[in-house]
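The basis for the numbers below is simple: all heavy atoms, side chains too, and nothing from hydrogens, waters or symmetry mates.
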Amino acid sequence: MPLVLAPPLASTQPAPTFDAARLRTAAATLPQLHTLRVSHRGALIGTYDDRPARAAAPANIKSASKSLIALLVGRAVADGVLPSLDTPIARWFPALRRDADPRKRVITVEHLLTMQSGLESTSGPGYGRWVRSRNWVSFALARPMVAEPGTGMQYSTGTSHVLSAILTQATGTSTLAYAQRTLATPLGFTLTPWPRDPQGIYFGGNEMLLTPAQMVAIGELWRNKGRVGTTQVVPAAWVEQSCTPQTRSVYDTTREYGLGWWVQDIGGQRACFAWGFGGQYIMVFPALELVVTATSSTAISDERHGHRAALFDLIAREVLTPLSSR
């Protein structure tokens with residue numbers, strides 16, 4: 001007589017549900033975390049502030065600034081004030097045509113956006129010398145070539161700052177003024193001025209200041225493919241291209257990079273996100289119609305004490321799993 005297997009018993013465990021109070025309790029266990037916001041389908045469903053004053057205060061989003069600079073480049077291309085991404089940056093910096101290394105003449109705007117310029121990095125050990133220099137743009141472009149342009153990622157804050165310098169030249173106004181007119185005004189807020197270099201160019205890779213609500217607004221803009229209401233702030237194709245991997249981190253091969261935005265699976269969900277030192281995040285999870293933002297202490301790396309891992313675990317457990325089961 002053939003063996004007949006009984007069907008498996010249905011799970012008696014109820015599907016997890018999103019619980020805003022439980023999220024706040026869990027968030028309070030992360031000592032480096034300052035704020036957390038969860039926006040689902042455009043509605044704010046979860047918040048955490050370690051201090052009440054943080055809710056409306058501008059936070060230093062550190063290198064998440066790079067993603068906003070890239071966003072502005074996309075808008076400038078759409079406006080027609082920047083040419084195609086394959087334009088050599090020597091167009092704005094003619095001295096590169098006279099550089100002893102001919103590879104500098106072929107560095108393009110796209111190479112800067114994808115961190116594949118080939119120039120030696122001004123981040124990490126080189127950061128201090130760079131920001132103490134008299135001319136940040138010249139210092140960044142004078143770095144020796146360590147790779148062929150377009151052949152690999154060299155994460156560098158100076159690379160992103162050069163984009164701010166290009167925006168300043170191409171638009172005929174400051175990066176702040178252009179960002180206010182094309183990005184912040186359509187989203188309904190006013191940007192707080194952030195630091196500038198010795199030549200007056202707004203820092204293009206660090207130190208931008210955003211409130212949690214402004215971070216959510218930018219995340220929602222990205223989730224809605226560059227549109228707010230009836231206004232197309234950034235072309236939808238640019239958003240898609242920004243979240244399409246072009247290269248990957250040499251430090252963590254699971255972390256890919258598009259046009260100024262990181263791409264990675266978090267808790268089994270694909271995320272496109274802006275990321276800054278210490279744990280500053282604007283995360284977009286397109287499949288879940290979800291935006292998650294976080295600000296954290298800028299005094300210590302988010303790798304120290306396992307803050308990044310703990311934050312990602314919290315988001316996966318308390319946000320992604322409950323919302324993906326709906």
Note to self: I need the E110 CD to Q116 CD distance, nearest 0.5 Å.
What the structure shows: 8.0 Å
Notebook entry, point to check: Between OG1 of T321 and CD1 of I315, what distance do you get to the nearest 0.5 Å?
Noted result: 11.5 Å
Margin query: Is the shortest side-chain heavy-atom distance between F203 and H161 below 4.5 Å?
Written below: yes
Item checked: Residue pair L33, Y48: steps toward the side-chain contact (heavy atoms from CB on, under 4.5 Å) verdict -> CA-CA 9 Å; L33 184 64; Y48 166 76; 4.0 Å; yes
Notebook entry, point to check: Within 45° of the ring axis of Y251 and under 6.0 Å from its six-membered ring centre, is that where the NZ or CZ of R255 lies?
Noted result: no
Note to self: Within the 4.5 Å heavy-atom criterion, are Q269 and D265 side-chain neighbours or not?
What the structure shows: no
Next item on the list: Indicate yes or no for a side-chain donor-acceptor contact from N224 to the backbone of G226 under 3.5 Å, with no hydrogens or angles considered.
Entry: no
Checklist line | Close side-chain approach of Y178 to D79, heavy-atom, < 4.5 Å | finding: yes
Item checked: Between S296 and H307, a side-chain donor and acceptor under 3.5 Å -> yes
Check: Should the heavy atoms of other residues, nucleotides or ligands under 6.0 Å from CZ of R105 be counted, would the total exceed 12?
Finding: yes
Item checked: Mutual orientation of the aromatic rings belonging to F273 and F312 [parallel < 30°, tilted 30-60°, perpendicular > 60°] -> perpendicular
Margin query: Counting C-beta onward and ignoring hydrogens, is there a side-chain heavy-atom pair between R304 and I300 closer than 4.5 Å?
Written below: yes
Next item on the list: Verify side-chain contact (heavy atoms from CB on, under 4.5 Å) between Q214 and L187, making sure each step is shown before the conclusion.
Entry: CA-CA 8 Å; Q214 292 166 356; L187 293 180; over 6 Å; no
Next item on the list: Go through the side-chain N and O atoms of Y281 and W275 and say whether any donor and acceptor fall under 3.5 Å apart.
Entry: yes
Checklist line | Rounded distance [0.5 Å steps], CG in L210 versus OG1 in T192 | finding: 8.0 Å
Check: Going by atom types alone, do E256 and T247 pair a side-chain donor with an acceptor below 3.5 Å?
Finding: no
Margin query: Just so I know, are the side chains of I107 and L96 near enough to count as touching, which here means a heavy-atom distance under 4.5 Å?
Written below: no
Note to self: Within the structure provided, determine whether T108 and L112 are in side-chain contact (heavy-atom separation under 4.5 Å).
What the structure shows: no
Next item on the list: For the residue pair T157 and K66, confirm or rule out a side-chain donor-acceptor distance under 3.5 Å.
Entry: yes
Notebook entry, point to check: What distance do R103 atom CZ and T151 atom OG1 have between them, rounded to the nearest 0.5 Å?
Noted result: 9.0 Å
Checklist line | Donor + acceptor pair across side chains of S63, Y155 (<3.5 Å) | finding: yes
Next item on the list: May I ask you to test the P83-R91 pair for a side-chain heavy-atom distance under 4.5 Å?
Entry: yes
Next item on the list: Using distance alone, with no hydrogens and no angle criterion, decide if S123 and S156 have a side-chain donor and acceptor under 3.5 Å apart.
Entry: no
Notebook entry, point to check: So, does E148 use its side chain to make a donor-acceptor pair with the main chain of S117 at under 3.5 Å?
Noted result: no
Note to self: Is there a side-chain contact (heavy atoms from CB on, under 4.5 Å) between L314 and L23? Walk through the geometry before answering.
What the structure shows: CA-CA 8 Å; L314 181 151; L23 174 70; 3.6 Å; yes
Next item on the list: Taking atom types as modelled, find out whether T295 and T35 have a side-chain donor-acceptor pair closer than 3.5 angstrom.
Entry: yes
Note to self: A quick test of your reading: do over 12 heavy atoms of other residues, nucleotides or ligands sit less than 6.0 Å from CD of E240?
What the structure shows: no
Next item on the list: Could you tell me whether the side chain of L323 reaches within less than 4.5 Å of the side chain of H40, counting heavy atoms only?
Entry: yes
